[in-house]
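Comments concern the structure below.
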Amino acid sequence: MPELPEVETIKETLKQFVINKTISDVAVYWPTIIKRPEDAEQFKSLLPGQSIVDIHRRGKFLLFELDDAILVSHLRMEGKYSVHPSREPVTKHTHVIFSFSNGEELRYNDVRKFGTMHLFKKGDELTNKPLNQLGPDPFDETFTTDYLYKKLKKTERVIKSVLLDQSIVAGLGNIYVDETLFKANIHPLRKANKLKKKEAAAIWEAAIVTLREAITQGGTTIRSYVNSQGDMGMFQQELFVYGQENEPCKTCGKPIVKMKIGGRGTHVCVSCQKMK
DNA sequence: GTCTTTGTTTACAC
DNA sequence: CGTGTAAACAAAGA
């Protein structure tokens with residue numbers, strides 16, 4: 001479940017292994033991961049000879065900047081990247097391999113095969129799906145309390161669903177939305193357009209603080225997340241509500257309740273997070 | 001076989 | 001057509 005802090009951590013750990021490496025060959029064992037170009041054979045043919053110039057992050061997407069292209073990669077639930085010598089055996093969940101001219105390989109591993117890859121000519125990625133659907137990153141200067149408050153005003157949806165909407169703000173997923181709303185003392189079922197400006201400001205602040213702290217902890221490891229060096233995140237120790245069903249609230253001691261909102265498991269302290 | 005998991009896309013009712 | 005909700009979808013493990 002890599003969300004923004006996990007993808008940020010993956011980006012930083014992966015950088016040291018792949019920048020300036022030149023792709024010599026590409027193998028695709030599960031073509032449905034490749035979304036653009038539609039034909040995986042064409043995808044493969046476009047990459048050899050290109051070097052990895054840099055890696056960026058946009059929301060939950062990893063962006064591999066190549067000499068003349070951008071590879072946009074989404075890890076969905078369980079996608080992972082790792083670098084190995086080519087002689088090392090692959091696992092049954094390795095679906096894409098980028099071979100480098102130095103004998104190493106960047107491997108994409110994904111137990112669920114839900115991840116996606118889109119390849120663009122440089123510049124085209126911003127005006128096409130999936131990146132053109134995204135709202136600002138939480139740390140972008142355009143993501144302000146005013147921006148958030150105006151967006152919340154416009155919708156009848158509950159706040160939980162709005163914060164999961166990547167076109168509002170890009171990078172929050174189920175873990176960090178639940179944690180953000182707990183920190184802001186807002187019940188996830190509150191209607192977005194009924195929230196006061198002060199409450200929007202509290203959500204903004206809570207999101208920024210939670211994400212920043214999670215990044216410094218290297219992300220959250222719930223099921224299987226590790227960074228590209230194989231290290232677990234540590235933020236799970238800081239979780240107040242996510243995955244804490246029936247555990248006592250760290251603030252008030254009442255048991256954390258799990259409910260379904262918009263089809264998503266949602267964790268809430270009904271004592272601390274008021275419906276008002 | 002059924003159910004759960006998540007982020008995103010698609011279908012559809014209003 | 002915009003909006004909101006629900007279902008579909010990707011696949012595997014419990």
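We name chains A, B, ... by the order of the sequence lines, and we start the count at 1 in each one.
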Short side-chain N/O contact to dT8(B) OP1/OP2 from Lys60(A), under 4.0 Å: yes
Pair Lys160(A)-Thr266(A), side-chain donor/acceptor within less than 3.5 Å: yes
side-chain N/O Lys154(A) vs dG4(C) OP1/OP2, d < 4.0 Å: no
OP1 or OP2 of dT8(B) under 4.0 Å from side-chain N/O of Gln133(A): no
Of the listed nucleotides dT5(C), dG7(B), dT6(B), the one nearest the side chain of Tyr242(A): dT6(B)
Spacing between Leu75(A) atom CG and dT8(B) atom C1', to the nearest angstrom: 14 Å
d(OH, Tyr176(A); C1', dT6(B)) in whole Å: 15 Å
Find every protein N or O atom lying less than 3.5 Å from an N or O atom of nucleotides 10-14 of chain B, and list the pairs.
from: dT10(B); atom 1: OP2; to: Lys129(A); atom 2: NZ; distance (Å): 3.4

Over 12 non-hydrogen atoms of neighbours within 6.0 angstrom of NZ in Lys122(A): yes
Nearest-nucleotide pick for Asn174(A), side chain only, options being dG7(B), dT8(B), dT5(C): dG7(B)
Residue closer to the 5' end of DNA chain B, Gly263(A) versus Pro130(A) (nearest nucleotide): Gly263(A)
Listed partners of Asp165(A) passing salt bridge (Lys or Arg N to Asp or Glu O under 4.0 Å), at least two apart: Arg157(A)
Separation of atom CG in Asn193(A) from atom P in dG4(C), rounded to whole Å: 8 Å
Gap between atoms CG and P, on Leu62(A) and dG7(B) respectively (whole Å): 15 Å
For Arg264(A), all residues meeting salt bridge (Lys or Arg N to Asp or Glu O under 4.0 Å), sequence neighbours excluded: none
Axis-to-axis angle between the two ends of the helix from dT2(B)-dA14(C) to dC14(B)-dG2(C) (five base pairs per end, rounded to 10 degrees): 60°
Rounded distance in Å - CG (Leu163(A)) to C1' (dG4(C)): 16 Å
Pairs meeting criterion salt bridge (charged side-chain N to carboxylate O under 4.0 Å, His left out) with involvement of residues 124-139 of chain A, two or more places apart: Arg57(A)-Asp137(A), Arg58(A)-Asp137(A)
Nearest-angstrom distance from the residue atom CD1 of Ile261(A) to C1' of dA6(C): 16 Å
Touch class at under 4.0 angstrom, heavy-atom based, for Thr155(A) against every strand present: sugar-phosphate
Whole-Å gap separating P (dG4(C)) and CG (Leu164(A)): 15 Å
Partner residues of Glu141(A) under the salt bridge (Lys or Arg N to Asp or Glu O under 4.0 Å) criterion, sequence neighbours left out: none
Salt bridge (Lys or Arg N to Asp or Glu O under 4.0 Å) involving Lys15(A) - partner list, sequence neighbours excluded: Glu12(A), Asp54(A)
B/S/- contact track for nucleotides 9-14 of chain C, protein heavy atom under 4.0 Å: -BBBS-
Hydrophobic cluster partners of Phe120(A) (side-chain heavy atoms under 4.5 Å): Phe61(A), Leu63(A), Ile70(A), Val72(A), Leu131(A), Leu134(A)
Connected-component partners of Met275(A) among ILVMFWY, side-chain separation under 4.5 Å: Val158(A), Leu189(A), Val257(A), Met259(A), Ile261(A), Val268(A), Val270(A)
Between Asp146(A) and Thr144(A): side-chain donor-acceptor atoms closer than 3.5 Å: no
Whole angstrom value for the distance that separates P of dT8(B) from CD of Glu78(A): 16 Å
Proximal nucleotide (of dT8(B), dT5(B), dG4(C)) relative to the Lys258(A) side chain: dT5(B)
Any His74(A) side-chain nitrogen or oxygen under 4.0 Å from OP1 or OP2 of dG7(B): no
Contacts of Gln50(A) that satisfy side-chain hydrogen bond (donor to acceptor under 3.5 Å, both in side chains) - sequence neighbours left out: none
Partners passing ring-ring contact (aromatic ring centres under 6.0 Å, His included) against Tyr108(A) (at least two apart in sequence or in another chain): Tyr81(A)
